[in-house]
Structure formats: structure tokens, C-alpha cells
Amino acid sequence: MQRAELEGGLEGAVMMAMTAQERAEHAEIETLASGIIEAQQREIEQMKAWRAEWYPEE
């Protein structure tokens, strides 16, 4: 994985899912958005751990 990808992470996906959750007119979209947020937040935490391990100077 490239360092830039670790820096950028998946936070954009979380923001889009939060917007979808707020604007959803159907429960299915809210449920899907919630799942995306939970999964992406776990992945972001993993990527932050890798960044700290691989680039400890920062």
C-alpha cells in the first residue's frame, strides 16, 4: 500500500455514507450507510495503525 493511500484513507467514503444516511428516504439506505460507516471506520483504524508502525517518525 502506498503511503499516500494510508494518508488519505477511506474517510471520503464515511463522509458520503453519513450524507446518504442523513438524506435517506428509505430504511434500506440508512441501514446500508450504517454498515458502510462501521466497516470503513474499522478499516481507517487499521490503516492508522499501519501508518504508525511503518512511518513511526511522524
Side-chain angles (χ1 to χ4, degrees):
M1 180 166 287
Q2 298 292 322
R3 184 175 181 173
E5 292 168 320
L6 287 173
E7 299 294 330
L10 303 167
E11 294 172 8
V14 172
M15 296 301 293
M16 287 189 295
M18 292 173 97
T19 299
Q21 199 173 37
E22 292 170 5
R23 297 180 183 176
E25 295 180 17
H26 302 281
E28 296 87 349
I29 299 298
E30 287 185 49
T31 300
L32 176 64
S34 292
I36 291 169
I37 292 166
E38 290 174 21
Q40 295 294 300
Q41 287 176 331
R42 282 191 305 271
E43 292 180 11
I44 289 168
E45 290 306 313
Q46 178 63 64
M47 293 172 74
K48 286 180 180 179
W50 286 336
R51 183 181 61 203
E53 180 182 341
W54 298 340
Y55 305 103
E57 68 280 355
E58 298 181 20

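Source: prediction; values computed, not measured.
Closest approach of Ala20 and Ala33 over heavy atoms only: CB-CB, 4.4 Å.
With rounding to the nearest 0.5 Å, the separation of CD in Gln40 from CD in Glu38 is 11.5 Å.
Side-chain heavy-atom separations under 4.5 angstrom define the hydrophobic clusters, and the remaining members of the one that includes Leu32 are Ile36. Other members of a hydrophobic cluster containing Met16 are absent, since no ILVMFWY side chain comes under 4.5 Å of it, directly or through relayed contacts.
Residues that satisfy the side-chain contact (heavy atoms from CB on, under 4.5 Å) test with Ala52, not counting sequence neighbours, are absent from this structure. Among residues two or more places apart in sequence or in another chain, the side-chain contact (heavy atoms from CB on, under 4.5 Å) test is passed with Met18 by Val14, Met15, Ile37. Ser34 is linked by a side chain to side chain donor-acceptor pair (under 3.5 Å) to Gln21, counting only residues two or more places apart in sequence or in another chain.
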Exercise for the section: Would you sort out whether Glu43 and Gln46 count as a side chain to side chain contact (heavy atoms under 4.5 Å, CB included), showing the intermediate values? Expected result: CA-CA 5 Å; Glu43 292 180 11; Gln46 178 63 64; 5.5 Å; no
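Under the 4.5 Å side-chain criterion, counting only non-hydrogen atoms from C-beta, Trp50 is not in contact with Lys48.
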